[in-house]
Amino acid sequence: MPSPLNVPQREAIRYLDGPLLVLAGAGSGKTRVITEKIAYLIESCGLDACHIAAITFTNKAAREMRERVDKLLAGKRSAGLNVSTFHALGARILREEATALGYKPTFSILDASDCYGIVSELAGSSDKSAIRRLQAQISHWKNALLSPAQAQREAQSDAEWLAIKAYAAYVSTLQAYQAVDFDDLIALPVALFEQQPERREKWQNRLRYLLIDEYQDTNVSQYALLKQLTGARAAFTAVGDDDQAIYGWRGADVENLRGLPRDYPQLKIIKLEQNYRSTGRILQVANTLIANNEKLFEKKLWSALGHGEPITVHAYKTSELEAAAVVMKLQADRFEQRAQYRDYAVLYRGNFQARAFEQQMRDQRIPYLLSGGQSFFDKAEIKDLLAYLRLLANPDDDPAFIRAVSTPRRGVGGSTLQLLGAYAGRRHASLYAAVAEQGFAAQIQARQLDPLQKFCALLHRLQRIAACDSVATVLNELLAAIAYEDWLHQRDDRRTAQTKWSHVRDFCDWLAKKGEEESKSLLELTQSIALGGTLDRNEADIDAVRLSTLHAAKGLEFKHVFLVGLEDGVLPHRDAQADGRLEEERRLMYVGITRAQRSLHLSYAERRQQGREFIPCEPSRFIAELDREHLRFFGGKEATIADKATTSQRLASLKALLAEKR
DNA sequence: GCACTTTATGTTTTT
DNA sequence: CATAAAGTGC
């Protein structure tokens, strides 16, 4: 990418006189502006890399950005540079300042399912959707920086009052577990900096220049943290695009974009409007779609890359047929264009849509990468081990205690745990601490207490090993002590047990290597996994088609994009018909369209399988909003007979091609 | 009271 | 099709 920078890009990189907002349309080179600005700060301004923090929204984006900066700086002088997600930065602050907040530095980071478990205990209801609503509500309060007491002041109904009571109990439960959830990673540092200005100044002095990517997706607490960290000096560059705000459901507030000029009257705004990614047709279609949304900042994206191919819109009878046809078309197109698999992406609204495409990819032997879906660390066998490791780092981590104590089964069942939990609750102690208490031993039978004590003794032993030995030794001792391989073979057939065991070995190797190379402790390793770490297999080097949700595809680009499942109820989502949320769904479609560089194929199914039955679908209303002159329809109401002939011609030529290959 | 087997059930998006 | 709650031997 040695192309010269354009005028606004260069201006954005050089501008250091005050706070800067870069309004960067899709494909306008915003990541390049951030990476080149980091290099500029280090090379031309003499700022030490450790005083610069770049904040992204996904771990993947953080990794990619670090790589690009390293390349620009030829590997030198980037030591200490902080490129991370908001949450990882929060975790770093929290680790250092934990004691000031009444936490030990060994706190655990809970994932969504741990939190779900805690909320469901507190809710006293077994209605799943009610629990999830409560969980979301608590998350919203935290993201809005409302404490239970503050939320109570605004309570309107009895139901709300009950939810706030659960919220208060949830907060104290987490404290007792020495655990934080994802929202705390932002909210707790904000609370700390609010109360203790000298600590705020310490961090302000450490992070002297901030660059924030995807600024449109910040929420209230993240914006508060940004304001605290940059302080009066306001040395930051925020890069964002209001048309790509797709995290409203997570508390992201485009109001933060509007608030920036208000909070910083000296704010400089630079617009990047030249798109270097897509053909004119793709951009035109994207522009007409997004024109249906209320605009915050006026901007007009243009491309110098020529018209390009028309965009196709395909209707298929069912979602299965859609997957089969799309994968076939993709394969044929790859032959015709002599393209690589990695030039293609299939994008969809929800993870559940991936299944049909995965199946087809496997059947047709096409390599694919599934982004977004459940990661390696979500596998049950990995979570089992992770529970032990979390427990070694922080014995008060109750969710980890419950999982570890019951895997493998060791004679501790539901009713014993209930008894233990009730006792621990009364004593405001963790499960682990409660086991050792005399008061607990007094109210339980020896044959129930015994396995619990043995379990705690095992933890003690492993902790002693962890204190002086390598990560690898701890893991080996652990696996031997719980006879994990035997346990796997006992519950599953040989094949599954072997696969699971190989996952376990991979995980151990990865941990040992990480522990050795980066001299990270078990605590740091488990924390970074909780933050959404990945095995760093080099995805960029693999030639494979990418299957991705629209959310996970943001920031990526592909030569050829298939945007699938464009049915009303899927995109836009069934529950997102309200005005504000419909606009967010439209932006999601906009993000999908603007991922494409050269060709774009839209498709929908007339019937979608849901559970056991097929339900009829209407094409997404967003298709009707696109500029028709750039579209070619195939199948469905819109198709002409001539178009159908083209379809069968293409299928015939595909079959010929495939036959030729064999 | 524990552990394993069956059956119902249901899917937005992510740190 | 995967996970989670209810049912059945021990």
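Below, chain A is the first sequence line, B the second, and so on; all start at residue 1.
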Undergrad: With a 6.0 Å cut-off on the ring centroids, do Trp510(A) and Phe377(A) count as close?
TA: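 Yes; Phe377(A) has its ring centre under 6.0 Å from that of Trp510(A).
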Undergrad: Just checking, Lys227(A) and Tyr223(A): is the charged tip under 6.0 Å from the six-membered ring centre and within 45° of the axis?
TA: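 Yes, cation above the ring, under 6.0 Å and within 45°.
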Undergrad: What nucleotide, of dT14(B), dA3(B), dC2(B), holds the atom closest to the side chain of Arg409(A)?
TA: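 The closest nucleotide is dA3(B).
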Undergrad: When you get a sec, tell me which of dG1(B), dT11(B), dC4(B) is the closest nucleotide to the side chain of Gln490(A)?
TA: dC4(B)
Undergrad: Round to a whole Å and report the spacing from CZ of Arg132(A) to P of dT14(B).
TA: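 That distance rounds to 13 Å.
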Undergrad: Are Phe182(A) and dT15(B) stacked, counting the six-membered base ring, centres under 5.5 Å, planes under 30°?
TA: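 So yes, this residue stacks on that base, both cut-offs being met.
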Undergrad: Do the ring centers of Phe401(A) and Phe455(A) come within less than 6.0 Å of each other?
TA: yes
Undergrad: For the pair Asp241(A) and Lys30(A), find out whether any cationic side-chain nitrogen is under 4.0 Å from an anionic carboxylate oxygen.
TA: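 Lys30(A) and Asp241(A): not salt-bridged.
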Undergrad: Counting neighbours of CD on Glu121(A) that are heavy atoms of other residues, nucleotides or ligands and sit closer than 6.0 Å, is the number greater than 12?
TA: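 No, CD of Glu121(A) has 12 or fewer neighbouring heavy atoms, counting only those of other groups under 6.0 Å.
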Undergrad: Taking the nucleotide of DNA chain B with the nearest heavy atom to each, does Asp575(A) or Gly411(A) sit closer to the 5' end?
TA: Gly411(A)
Undergrad: Nearest whole angstrom, please: distance from the C1' of dG1(B) to the CG of Leu452(A).
TA: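 Nearest whole value for this atom pair: 13 Å.
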Undergrad: His551(A) side chain: which of dT11(B), dC4(B), dT14(B) is closest?
TA: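 Of the candidates, dT14(B) comes closest.
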Undergrad: At less than 4.0 Å, is any side-chain N or O atom of Asn219(A) found next to OP1 or OP2 of dT15(B)? Yes or no.
TA: no
Undergrad: How many whole angstroms separate atom CD of Gln353(A) from atom P of dT13(B)?
TA: 9 Å
Undergrad: What contact category does Arg355(A) fall into here, base, sugar-phosphate, or nothing, at under 4.0 angstrom with non-hydrogen atoms?
TA: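 Result for Arg355(A) = sugar-phosphate.
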Undergrad: Taking the minimum atom-to-atom distance to the side chain of Gln448(A), which one of dA4(C), dC1(C), dC2(B) wins?
TA: dC2(B)
Undergrad: Relative to the 5' end of DNA chain B, which residue comes earlier, Asp183(A) or Gln445(A), by the nucleotide with the nearest heavy atom?
TA: Gln445(A)
Undergrad: Write down the distance between CG (Asp111(A)) and C1' (dT15(B)), rounded to a whole number of angstrom.
TA: 11 Å
Undergrad: From dA4(C), dC2(B), dT14(B), pick the nucleotide closest to the side chain of Ala552(A)?
TA: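 Between dA4(C), dC2(B), dT14(B), the one nearest the side chain of Ala552(A) would be dT14(B).
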Undergrad: Within the supplied structure, the quantity of interest is the number of heavy atoms (other residues, nucleotides, ligands) at a distance under 6.0 Å from Gln418(A) CD; does it exceed 12?
TA: no
Undergrad: For Gln244(A) and dT13(B), what is the distance between atoms CD and P respectively, to the nearest whole Å?
TA: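 Taking atom P of dT13(B) as the reference, CD of Gln244(A) is at 20 Å.
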Undergrad: Checking all strands, does Arg587(A) fall into the base, sugar-phosphate, or nothing category for heavy-atom contacts under 4.0 angstrom?
TA: nothing
Undergrad: Mind calculating the distance between CD (Glu214(A)) and C1' (dT13(B)) to the nearest angstrom?
TA: 15 Å
Undergrad: In whole angstrom, what separates Lys142(A)'s NZ from dT15(B)'s P?
TA: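 Interatomic distance, NZ of Lys142(A) to P of dT15(B): 18 Å.
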Undergrad: Give a yes/no answer on whether the side chain of Asn351(A) brings an N or O atom under 4.0 Å of OP1 or OP2 in dT13(B).
TA: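 Affirmative; the distance criterion is met.
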Undergrad: Quick check, does Trp249(A) stack with dT13(B)? I mean ring centres under 5.5 Å and planes off by under 30°.
TA: yes
Undergrad: Checking all strands, does Tyr247(A) fall into the base, sugar-phosphate, or nothing category for heavy-atom contacts under 4.0 angstrom?
TA: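 The answer is sugar-phosphate, as Tyr247(A) gets under 4.0 Å only of primed atoms, P, OP1 or OP2.
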Undergrad: From the list dG1(B), dC4(B), dT15(B), which nucleotide is the closest neighbour of the side chain of Thr58(A)?
TA: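 Taking heavy atoms from C-beta onward, the closest nucleotide is dT15(B).
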Undergrad: Touch check for Val570(A), heavy atoms < 4.0 angstrom, all strands: base, sugar-phosphate only, or nothing?
TA: nothing
Undergrad: Quick one: Glu121(A) CD to dA5(C) P, roughly how many Å, whole number?
TA: 11 Å
